[in-house]
> 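After the structure tokens below, expect a handful of questions from me.
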Amino acid sequence: MNWIIRENGFDKERIAANGNKFMIGNGYMGYRGTLDEFARSELTATIPAGLYDKVGDQWREPINAPNGLSTRIVCDGKPLSVLELEPLAHEQELDIRHGVHRRKTVYPAADGRTVTVESERFCSMERLHLLANRVSVTCSKPSELIITTGIDGQVWDINGPHLERMESAEQEDTLTLTGWTHELNMPVSVGHTLACLFGERRSLALDHFLGREIRLAAQAGETYTFVTYVSVFTGLDGEADCAAAAAEASREAAAAGYESLLAEHAARWERKWKLSDVRIEGDDEAQLALRYSLYQLHIIAPGHSEKLSIPARGLSGQVYKGAVFWDTEMFMLPFFLYTQPSIARNLMMYRVHTLDGARRKAAEYGYAGAFYAWESQETGDDACTLFNVNDVFTGRPMRTYFRDKQVHISADVAYGIWQYFIFTGDDSILLDGGAEAVLECARFFYSYAYYNPYRSRYEILDVTGPDEYHERVNNNAFTNAMAKRCLNIALEVLAYLQDKYPGLAKSLTAGGRIATEQLRDMHDRLYIPQPAEGSGVIEQFDRYFALEDVTLAQLKSRILNRHEYLGGGNGLATTTQILKQADVVLMLHLFKDEYSRGMKRSNWEYYEPRTEHGSSLSYCIYALVAADIGLSDWAYPYFKRTATIDLTGDSKQYVGDLYIGGTHPAANGGAWMAAVLGFAGLRFDGQAVTIAPSLPAAWRAVSFPLQLRGAGFIVTIETGQVRVEASEDNQAAMEFRIERRNDAGDRESAMVAPGQHMSFSYK
Ligand code: IFM
């Protein structure tokens with residue numbers, strides 16, 4: 001029950017939301033949860049990870065491959081489509097345990113007859129290029145059916161069309177359609193093998209559609225089933241002939257057969273859940289929503305490549321240019337670090353591979369080192385434009401400073417690389433370029449900072465913090481704290497290299513590129529905004545407290561157009577204290593040891609009513625800090641908002657006239673963080689695990705697996721008890737500390753050795 005997402009009935013208004021909600025994918029590609037008969041106007045999409053294209057002067061974005069799962073059925077002259085014929089019953093479901101999408105639709109036909117169409121599809125976790133779809137039709141009375149199934153080359157593009165020079169080929173039961181991208185002339189091929197044992201077949205090669213037509217006189221009550229095996233290859237795969245590779249993969253899949261492909265795919269999913277499933281007792285809704293969030297992360301995780309990361313809208317389309325933001329390091333990485341470190345490594349190696357792009361960006365702005373792209377694609381050059389939003393009133397592009405001023409991105413990247421090293425102890429990431437990336441980020445901050453001689457301190461001026469409604473501010477607390485962390489990481493990296501790999505340390509610091517003394521000086525004297533005396537509230541940036549202190553309701557009452565952007569030049573929030581998303585509160589989560597419970601509470605209480613949560617990244621942070629201070633009833637609604645965002649489809653769809661719909665992987669990662677790092681209070685510092693539970697009232701128990709330094713554990717928390725089990729094959733013991741969430745922070749700790757289990761009480 002807790003593995004099935006289902007919707008009954010068809011609602012035209014939910015086509016876009018359900019395309020996100022019912023997505024399938026495998027990290028190589030994502031396939032939107034549209035119905036078999038849908039086309040580009042219903043936003044069908046097959047998005048291969050990491051392949052981008054630019055047409056003219058439009059925005060560069062991922063390509064949408066031809067839709068190999070296009071299937072239309074006509075019964076006695078009537079198209080069986082939910083768009084054209086109101087169904088008697090319609091059900092769409094996703095089995096998130098095994099990554100299988102299903103639909104069942106019962107259509108009315110003449111004389112009280114019915115026709116039932118069912119389909120089941122999956123995007124293979126085992127064979128990364130493969131999509132398989134099994135379609136069945138059952139007529140209650142004899143009927144004439146015409147089935148058209150094949151590859152639809154007319155795809156939904158935001159800034160396309162991206163594929164030109166379409167070429168098709170046919171060999172026995174296999175068809176291929178290949179297009180080439182505009183900018184890089186990259187081939188994109190879709191192979192399609194049909195396995196169908198009934199009807200009369202003929203090939204169809206229409207404009208933009210390549211497929212088969214099957215005609216049959218259907219018998220009453222007989223179910224007619226066919227399978228399409230679809231393979232996607234692109235120029236990134238290194239194949240000499242993409243079309244041939246796609247045709248061969250489709251044919252091989254057909255030879256293996258649907259059931260055996262489904263079994264190998266399901267077995268992969270079982271392994272993924274074994275490493276990551278969080279079980280909640282006492283709260284079925286939270287259970288399903290959290291699992292669903294993890295499902296969304298699994299289908300977009302690049303397990304197969306270190307040249308890929310996860311875009312802010314996953315593989316759900318071309319929104320946000322398919323770009324990778326800080327979302328990955330700060331919101332998704334923790335899930336992978338604790339459960340599948342090899343994927344965490346790929347995510348961070350992506351930043352290593354894009355270091356040159358970050359260097360080019362720093363140089364472009366006159367700085368040293370690496371200024372990572374705010375919106376990163378395959379080269380690391382910034383896809384973010386200077387005018388990222390259009391003003392809804394004038395239609396004019398609005399100058400925004402995401403690209404130029406969100407300098408915290410470089411600290412976020414350094415933080416992610418270091419986290420990977422601390423979690424795994426795997427220094428290959430440092431040797432393979434991670435150390436250089438970290439040092440380049442630190443060098444960037446050194447070149448960006450301003451030394452204030454009057455106050456004898458370094459400051460970071462003219463930045464935009466996570467709260468994007470306030471651009472070009474000075475001394476954003478979060479940015480300064482992250483920059484200091486970045487400098488600290490760089491010093492630790494240098495010390496580690498000097499000790500273990502002195503040759504590398506020498507070459508990375510050669511030619512006076514960066515001196516330890518400079519980093520240390522900036523680290524020690526960088527200004528970090530401190531809690532105000534009396535209130536304990538940290539000012540988000542210089543002079544934030546001087547801004548108009550309106551309530552969110554007051555601010556909203558000033559809105560004239562529901563899509564108007566509250567930031568930018570004239571944005572309503574810019575002159576007020578209303579913030580877009582957690583900013584100081586995020587800092588309190590990341591640096592939780594540096595602030596007292598009382599301080600965290602004062603800041604939470606101050607900033608929470610002033611936060612619009614205009615970004616899906618915000619909720620989880622409020623949940624985390626509330627749980628950290630032991631207020632799980634404050635945290636719970638925020639956990640629910642973050643965990644259900646792609647289930648309800650209840651998120652902003654437009655900023656200005658910019659469409660921003662799609663899935664929300666950062667919120668999905670945030671759901672895991674809120675449950676495991678928040679309610680269970682899990683932390684790992686590279687040596688010991690700390691657990692400080694603060695479960696929501698309804699949760700009788702929560703249990704989750706961990707993979708730390710090559711060792712597997714299962715943690716179970718239930719009323720007053722924490723149980724830690726080590727898996728048999730663990731190589732080493734690990735220290736677990738159970739901490740009580742009181743001001744004294746009482747602790748109990750024990751080593752959990754291979755094959756052992758321990759119980760602690762935490763009341
Ligand atoms: O990275 C975020 C940013 O913090 C807020 N706007 C959306 C981006 C992508 O999710």
Side-chain angles (χ1 to χ4, degrees), residues 20 59 61-62 158 293 296-297 300 309-333 347 351 372-377 382-385 387-389 398 400-413 415-416 463-471 473 476 478-479 482 540 563-568 571 573-574 578-587 589-590 607 611-622 641-642 645-646 651-656 658-671 673:
N20 301 319
W59 287 358
E61 63 188 13
I158 297 181
S293 302
Q296 281 287 353
L297 291 170
I300 53 179
S309 181
I310 302 180
R313 288 289 181 263
L315 299 174
S316 64
Q318 296 159 323
V319 165
Y320 283 142
K321 311 175 190 102
V324 177
F325 291 63
W326 69 314
D327 304 31
T328 309
E329 282 75 18
M330 308 312 280
F331 295 82
M332 304 174 217
L333 186 69
L347 296 175
R351 294 297 192 177
Y372 272 90
W374 183 244
E375 299 184 7
S376 186
Q377 297 178 337
D382 209 329
C384 188
T385 59
F387 297 85
N388 235 23
V389 180
M398 213 189 259
T400 46
Y401 290 87
F402 309 110
R403 182 190 203 272
D404 332 42
K405 300 296 170 188
Q406 281 207 66
V407 297
H408 66 81
I409 178 67
S410 286
D412 307 333
V413 168
Y415 179 77
V463 301
T464 303
D467 165 23
E468 294 168 332
Y469 289 163
H470 296 96
E471 296 184 312
V473 300
N476 167 249
F478 169 86
T479 303
M482 283 304 292
Q540 191 178 290
H563 297 321
E564 71 183 83
Y565 182 52
L566 302 182
T574 57
I578 298 299
L579 43 143
K580 181 176 187 182
Q581 65 199 81
D583 194 305
V584 167
V585 175
L586 172 55
M587 179 182 93
H589 158 62
L590 293 170
Y607 283 108
T611 305
E612 191 233 351
H613 304 295
S615 158
S616 60
L617 277 54
S618 195
Y619 308 119
C620 62
I621 303 303
Y622 278 90
R641 286 299 294 272
T642 197
I645 193 161
D646 291 326
S651 62
K652 272 194 188 171
Q653 300 294 302
Y654 283 91
V655 171
L658 183 68
Y659 177 61
I660 58 163
T663 56
H664 298 82
N668 306 146
M673 288 202 290

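Whatever order the structure lists ligands and atoms in, that order sets their numbers, starting from 1. Bear in mind the structure is a predicted one, so any value in this text is a computation, not a measurement.
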> Distance to 0.1 Å, residue and atom name: give those for the protein heavy atom nearest to atom 1 (O) of ligand 1.
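So the nearest neighbour among protein heavy atoms is Asp327 OD1, 2.7 Å.
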
> So if I count the atoms of ligand 1 from 1 in the order they appear, which ones are less than 4.0 Å from some heavy atom of Ala312?
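Within the 4.0 Å cut-off of Ala312, ligand 1 contributes 9 (C), 10 (O).
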
> Taking the side chain as C-beta and beyond, is there a heavy-atom pair between Leu617 and Trp326 under 4.5 Å?
yes

> How far is atom 4 (O) of ligand 1 from its nearest protein heavy atom, and which residue and atom name does that atom have?
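It is Trp326 NE1, 3.0 Å.
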
> Mind checking whether His408 and Trp374 have parallel, tilted or perpendicular rings, split at 30° and 60°?
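Perpendicular, since the angle between the ring planes exceeds 60°.
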
> Would you call Thr611 and Ser618 a side-chain contact if the rule is heavy atoms closer than 4.5 Å?
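Of all side-chain heavy-atom pairs linking Ser618 with Thr611, at least one is under 4.5 Å.
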
> Checking ring pair (Phe, Tyr, Trp, His ring centres under 6.0 Å) against Tyr320, which of Trp59, Phe325, Phe402 comes through?
Phe325

> In the protein, what heavy atom is nearest to atom 7 (C) of ligand 1, and what distance, to one decimal place, separates them?
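Closest protein heavy atom to atom 7 (C) of ligand 1: Tyr320 OH, 3.4 Å.
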
> Mark yes or no for whether Asp646, through its side chain, and His664, through its backbone, hold a donor-acceptor pair below 3.5 Å.
yes

> Between atom CZ of Arg403 and atom SG of Cys384, what is the distance when rounded to the nearest 0.5 Å?
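One finds 7.0 Å between CZ of Arg403 and SG of Cys384.
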
> Which residue supplies the protein heavy atom nearest to atom 6 (N) of ligand 1, what is that atom called, and how far is it?
Glu468 OE1, 3.4 Å

> Would you kindly specify which portion of His664 sits under 4.0 Å from ligand 1, judged on non-hydrogen atoms: side chain, backbone, both or neither?
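Near ligand 1, His664 shows nothing, with every heavy atom at 4.0 Å or more.
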
> If you measure from NE2 on His470 to OH on Tyr401, what distance do you get to the nearest 0.5 Å?
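His470 NE2 to Tyr401 OH: 16.0 Å, rounded to 0.5 Å.
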
> Phe325 heavy atoms, cut-off 4.0 Å: which ligand 1 atoms fall inside?
1 (O), 8 (C), 9 (C)

> At a 4.0 Å threshold, what atoms of ligand 1 neighbour a non-hydrogen atom of Gln581?
4 (O), 5 (C)

> Judging by distance only, is a nitrogen or oxygen of Trp374 under 3.5 angstrom from one on ligand 1?
no

